[in-house]
Amino acid sequence: MKRASLFTKVNSQLRTCPLIPVNKVLKPCFLLSVLITFLLILSDGVEAAAGTNKVTNIGAIIDGNSRSGKEEKTAMEIAVQNFNNISRNHKLSLHFKHPKGDPLQAAYAAEELIKEKKVEVIIGMDKWEEAALVANIGNQSQVPILSFAAPARTPTLTSLRWPFLIRMASDGSEQMKCIAALVNSYNWKRVVVIYEDDVLGSEYGNLALLTEALQEVGSEIEYRLVLPPLSFLTDPKDVVQDELMKLQHQTKARVFIVLQSSLRMLTCIFGEAKKAGLVGNDTVWIVGNSITSFLDSVDNPVFSSMEGTLGIKTYYSSNSYYKRFEALFQKLFRSEYLNEDDFQPGIQALRAYDSIGIITQAIEKLGSNITSPKTFLNSVLDSDFTGLSGRIRFKDGMLSDAPTLRIVNVVGKKCEELDFWLPNCGFSDTLHAEQGKGRCRNSDGGKTSGGLSGPVIWPGDLNGRDPKGWAMPTEAKPLRIIVPKRTSFNKFVTFRTGEERPVGFCVDLFNEVVKRLNYSIPHVFFEFDGQYGDMIQGVFNKCLCLTVVPLVNRKTYDAAIGDITILAERTEYVEFTQPYTESGLSMIVPLETEDTSWIFLKPFNLEMWMVSGAIFIYTMLIIWFLEHQTNPEYRGPRKYQFGTALWFTFSSLFFAQRERPYSNYTRVVVVAWLCVVFILTSSYTASLTSMLTVQRMKPNFSEFEKLKKDKLNVGCDNDSFVQKYLEDVLGFDHDKIKVFNLENDYTTEFERNSIAAAFLELPYERLFLNQHCKSYTSTKPAYRFGGFGFAFQKGSPLAADFSREILCLSEDGNITLLEQKWFAPSPECSTSATNNNVESLSLRSFKGIYIVFAAISTICFLLFLFRLLRNSRPHQEADGGHLIPGGNIGSSSGDRITEYFYNGEKTRVPRRASTFAQALDKDEWGSTKWEYVSNSDNLENN
C-alpha cells in the first residue's frame, strides 16, 4: 500500500508538471523514476526484514559503578554485537539495570525488565543475595536467571527451590581448600582473617569453609578482623588503623588472609598495615579470588604496599580466541571509561561474555521454535562447550567442573604467576598434571607440606628463607621468656644471687638450640615465683585469668623454659617442643642392711640346689655300681659300700678324694664329674665373694599399695602436679601427702621417719640417687608422662624449630654431654661402683654341663651293664653242667647270678693272680688289677 501510494504521488506530480521540451525533461525524469524505484524496493526489503527477524530481549542486572560491572557490560555488548552481525533472522537486545548493590533494588529491576521490556532471560547479579531474590522473581514469571554468583555453601534442594536459576559459578570450597593447603605448605598454624562486611554478612559462608579447611590441615583462625562497609565510614583509614592496633596486641599470628574487600578498603588495609609494620619480615598476606581478579587495575601506590602478597586467581586460557576478544575489549573499554587505569578483562568479563554465548547456543538449538520458557531453560542447561572462562556445562543448576586456580605473587607493578591448583590434585607446576607421576603435589588435600615450586617474593628481606608467619622477636621487642625462680632441684634451672640470667641444664640446652637456628632470637629472661600451672597460663596467648596472676592477663610472656612436664592438659594452652628428657613417676625409699646369716645359700637359687643334690646322688650311685665288683675299697657290707661311694663323691668336691677307681668307666665318669665340680665351685665362690664384699641393702617398700594399706606418709614436690596425681590416680589420702620445696627436705624427712617414701619424676629421681645412692633406692617408673620440654605460645613456629634442633642435639650426643656436666654423680655413686643387687645363680647357667655329665655317666653305666650281662652267660652254662646235673638249671643259675652280683665276697679266696691269669683277667681296655677269686671263679678255672 505504501509503495502504491508512493507511486500515485509520484504520477500526480508528474501530471502537474508544466510542459517542457522533451530533450530537457527526459533526463531528470528518468533519474527521478530510478530513485523512486530504489526507495520502493528498499522500503519493501525493510518491511520484509521487520516481518521475519526475531528479537530476544535480555535483561542484565549489574553494578555499573564498580570495576566488575563495567567489565561485564562491555563484554556482554561485544558478545551481542558479534551475534547480531552474523545472525540474519535473530537479533539480541540488551537492557541494563543498575541496582547499586541493593538486593531489593535488584528484585525490583527484575520485575521491571520482565513486565516492561519483556525480557526472556536475565543475567548478572554478582552477589548471591541479589541472585536469590531475582531467582524468586524468575520462578514466578518462569524466566531463566543466569547468575554470576554462587553461595559459599550450596543450600539443600536449591534446584527444587529455584528451578529457573542457573549459577555460572562454583561454590567457595575449592578456593578455601587451596588457601588451607597453602597455609599448611609452610607450616603456618595460626592465621588472621580480614574481610569487609556487608549488611547481609555474605562472607560467613566462606569463613565457615575456610575454618573447616584449616582444621583439616592442623591450623586454625586465630583472629577475625571484620571491617564495616566502606559506605558506612567517614574516615576509613582511622578505623583500619585502630583495628590493626588491636590485632597487634591480641595475637602474634602474622598470616593475613583477606577474603573480600572493595578496592578502596583494600587500599586502606595495605597502606595502614605497612605503616604499622605488619607488611614486612615474617609476615604473609594472601588475598582471595574476588580481590585478585581486579589486582591488574590497581594503581602503582597500592602495588608498592602489596609487595610479596600471594593471590588466588581463577585460571583461564590465553588462546587465540581470547586474544581477539582482549583486543576488542580494550578498545571499547578505553573509549567508554576514560578514568580507568587498566583495560585488561578479568574473569567477570569472561563469564559475562560466556553467558551471552550460552543464550545464543540455546537459540541456535531451538531455532525459532521456542515454545515455552521451560524448553529454553532445558536448552540452556544442556550447554556443553569451552568458553573464555573455561568449560561450560551444568549439573544441578550450577557449573559441574570445579575451577582451576592459579597462585600469583605481587612483584613490583605486576602479578607473577606461580603454581596451579588443580581439583583433586593439589599444587602443580603444570596445567595438566597427572597424579602419581611426580608433578602433582598435595593430592591429599593439602595435608602434606612442601611449599610452592616457584621462587616466591615475600614481604621484607628474609635472605632466602620462608616467612614464619609469626611476630618474631627483634632487638626492640625481644622474646620474653619466663623461668621458674625456684625449683626443688636447682641443677635444672635457678637464679643465682646477684645474677640476672638463670643457669642450669635447661638454660644451657636453650642456648645450644638458639646457636643452631638459622635466624637470631633476641630474648630476655624473667623469673617467675609461682606454680608451674600458672607459668603455663602466663604463656597462653588467650588467657582469661584475671585474679590469680595479674601479669598473666597482660600476656607478657612468649615462652617458658625449665623443668616443665609435658601433660595433655597443658597442651591445650601452649605449644610444647620435643621432650629433651623422659619422664615418669618413681618411688624413692630408704635402704636397710640385709641379714647375711644365711648368705652362703644365696649364690644358688633353690632350683639349683635341688638339681645339684640330685646330680650328686646320681654320681654316687654310678660310681658304686661301677666300682663295687672290682675295687677292694668297695667290698664289705652294703652300708660300707655306699658310705665309701658317698665319701668319694663328696671329697671330690674339694678334689681331696683318695680312693683309686679301678674301672675305666669309673674314670670317665669321675673326669666328667670333676669338670662339673670345678665349674660349680668356681661360680659359687665368685658369687659368694661378690655378695660378701658388697653391703647388702634392700628397700623398705617395693610397692606403693602397701604404703596406702598401712596409711603411711609419703612426700612429693610442691611445685609439680604430682600431688594431685597421687590423690586422683594412685588414691593416696590428702592428709598423708607431704610436699617439699628443696632437695634436702627429702633426706631430712626420711631421717626423721616422717615419710616412708617419696614420689619424684624420673629426672629428679636420677639426680637424687646420683647424690644419695648409698642410702636410697627407687622402683621402676610404672606411670609415664610426656617428659620435660619448653613451652611456646600456641601456633608459634619456634616450637617446631626448637623440636627439630633438640632432636639433632640428642642424635649428636650433645644432650648427653650436658647431662654429664650438670648431673654428674657423687664420687661414692660413680658408675664404677659395684651393683648391690647380685642375683643368685640359676639352673639356666649350668644346664648344659649337667646334661653332658648325666649323658656321660649314663653311657658308662649302660656299657658296663651290657658287659656284665654278656659275661654272665658262660657262668650259667658252667654251673648248669658241673654242679646241678639234671636239676633246675635256670633257677640255680639265676641264684648264682644274683650271688655273683651282690654277694660275691662270701666265699672268696684271696690270691695273687698269675701272670697268665692277669692277662686273662684284663678287661677289654687292657687294665690290670688285683683279684679276689670266688668259688665260682675256681670252678671256672678248673
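Numbers here are sequence positions counted from 1.
When all heavy atoms are compared, the tightest approach of L233 to M265 is CD1-CE, 3.8 Å. When every heavy atom of C178 is checked against every heavy atom of F427, the shortest pair comes out as O-CZ, 3.9 Å. Contact detail for A152 and G205: the closest heavy-atom pair is CB-C, 3.4 Å. Contact detail for P403 and T314: the closest heavy-atom pair is CB-CG2, 4.3 Å. Closest approach of A349 and F325 over heavy atoms only: O-CZ, 4.4 Å. Across A132 and W162, no two heavy atoms sit closer than the pair O-NE1, 3.8 Å.
In this structure, the separation between CD1 on I356 and CG on N82 is 11.0 Å, given to the nearest 0.5 Å. Atom-to-atom distance recorded for I312:CD1 and I257:CD1 is 9.0 Å, nearest 0.5 angstrom. For the atom pair I137 CD1 and I145 CD1, the distance stands at 9.0 Å (nearest 0.5 Å).
Using a 4.0 Å cut-off between charged nitrogen and carboxylate oxygen, E120 and K118 do not count as a salt-bridge pair. Salt-bridge formation is detected for the pair D384/R391: a Lys NZ or Arg NE/NH1/NH2 atom is positioned less than 4.0 Å from an Asp or Glu carboxylate oxygen. We find that K73 and E336 are joined by a salt bridge, their nearest charged nitrogen and carboxylate oxygen being less than 4.0 Å apart. Ion pairing between a basic and an acidic side chain is recognised when a charged N comes within 4.0 Å of a carboxylate O; R153 and D171 show no such pairing. Using a cutoff of 4.0 Å between basic side-chain nitrogens and carboxylate oxygens, K127 and E130 are not scored as salt-bridged.
N319 places a side-chain N or O within 3.5 Å of a backbone atom of Y322 that can act as its donor or acceptor partner. Of the possible donor and acceptor atoms, one in the side chain of K91 sits under 3.5 Å from a partner among the backbone N and O of S87. With hydrogens and angles disregarded, a donor-acceptor distance shorter than 3.5 Å links the side chain of T267 to the backbone of L263. Judged by distance alone, with hydrogens and angles left aside, the side-chain atoms of E326 form no donor-acceptor pair with the main-chain N or O of Q344 at under 3.5 Å.
Taking the centre and axis of the six-membered ring of F420, the NZ or CZ atom of R406 falls inside the cone set by 45° and 6.0 Å.
For the residue pair H98/D63, the side-chain donor-acceptor check at 3.5 Å is not satisfied. Side chain to side chain, Q260 and E196 fail the donor-acceptor criterion of an N or O pair below 3.5 Å.
Shown here are the side-chain hydrogen bond (donor to acceptor under 3.5 Å, both in side chains) partners of E112, two or more places apart in sequence or in another chain: K97.
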Worked verdict on W128 versus F148 for ring pair (Phe, Tyr, Trp, His ring centres under 6.0 Å): CA-CA 8 Å; W128 170 246; F148 298 157; over 10 Å; no
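More than 12 heavy atoms of other residues, nucleotides or ligands sit less than 6.0 Å from atom CZ of R334.
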